[in-house]
Novice: 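Can you keep this structure in mind? I'll have questions shortly.
Chain letters run A, B, ... following the sequence lines, proteins first and then strands; every chain starts at 1. Atom set for the values below is all heavy atoms of this structure, side chains included, hydrogens, waters and symmetry mates excluded.
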Amino acid sequence: MTRKTRHILPSLAALALTGCEGGQSALAPKGVDASAIAQVGWVIFIGGGLIFALVLGLTTYAMAAPPERRRWAASHGFIIAGGLIFPVVTLTALLIYGLLLTGSVGRSAEAPTLRIDVTGEQFWWRVRYQVPDGGALDAANEIHIPVGQPVELTLRTADVIHSFWVPNLAGKLDMIPGQANRFTIQAETPGTYRGQCAEYCGIQHAQMAFYVVAHPPEQFSRWLSERREPAAQPVAESVRQGQDLFMKAGCGACHTVRGTPATGNIGPDLTHIGLRHSVGAGMWPNNAGTLAAWIASSQHLKPGNKMPSFDVLSGTELRAIATYLESLK
Amino acid sequence: MRVGCGACHAIPGIQGADGIVGPSLDTFARRSLIGGVVANRPGQLVRWVREAPALAPDTGMPAMPITENEARDIAAYLYTLR
């Protein structure tokens, strides 16, 4: 083994391991559909590997064995059995197995306990929970669901084709203009799973991510009722100044903060933005610093998104607005 | 990286650190003043990365959600940028 490969092998092994444990991997299924898909994947991968090894072995044998020993490999019977019957039987069995196992992917026998509308927009995700008692709750870039219950997603797009993909929970489904695609997902384990737009949708396609947070059902009910409350009114003077500046700068023309005069509908709802995992649809961790960075330079951080860079604010103004947004929990 | 300093600050060669809101941190260890306000000394830097507004009331850099120890680690890293 050369020095170089000695260095590469452990890092490759580490890469393979992190691939399984990371927040976004089809190899670490945590949902009903993802488990079925992973199982089919492993059967094909291992089965294909075995057949490949068998073919290589037979090829070597046919080339290296003495002529009288390898004569059987040239018989009509062997060619028909190995070249015709074996692939037809194997592929038919694989087709039936695959159809049976994945036939229910994206669907659930039980009625969904929750319906959520998810709309892809360049380059973020609009989320609307259809609350069981009527009414709706708007949010963005993060989808919270109860564990162990089927949740029906209605996928739409506001502009071009996007594709909704949370590899740990389910397969992907496109969001097609003028169409509502229904898709049921069910998480088996509580956790936070990263999702990603899986259909090229424009310049910031790669930065169009989101998170799905699966809670135990009782925690989810609490979460839902808390999130339906309007934003808390600021108590601290500095946060109140931030709120005033947010309104004066015109942020409310595009953004909604429920319970305030900000009722815009062009950009993401910010009512509880302080609780989200990320800023900029999965780009940055969420804190006053990254919020300030986003406000001041969103066209630098994510060129082509619809929000202008607010680079006219002074340092104190910028900080006040970011602190206000961070306080919206 | 976990706090997202790179959203505002650029460090050449570090992926994800290409912000333009604050100054580039290239050669930070050799800089005389932090934020153009206080002397570039370790104690001041640890304080600055955690609560910049306490040292410079007009700065755009917000107080960051990190512990004292994390601030020391970040300061130690910044002093490697020579």
Novice: Testing the basics here: between A:H162 and A:M208, what is the closest heavy-atom pair and its distance to 0.1 Å?
Specialist: ND1-CE, 3.3 Å
Novice: Give the ring-plane orientation class for A:H144 versus A:H215, where under 30° counts as parallel, over 60° as perpendicular and anything between as tilted.
Specialist: parallel
Novice: At a heavy-atom distance under 4.5 Å, which candidate from A:S314, A:S297, A:A320, A:A292 has the highest pair count against chain B?
Specialist: A:S297
Novice: What heavy-atom pair brings B:Y77 and B:T80 nearest, and what distance separates the two atoms?
Specialist: O-OG1, 2.5 Å
Novice: Given the options A:L291, A:T323, A:L301, which has more heavy-atom pairs under 4.5 Å with chain B than any of the others?
Specialist: A:L301
Novice: Which answer fits B:M61, side chain, backbone, both or neither, if we ask what part of it has an atom under 4.5 Å from a heavy atom of chain A?
Specialist: backbone
Novice: How close do A:V239 and A:P234 get, heavy atom to heavy atom, and via which atoms?
Specialist: CG1-CB, 3.4 Å
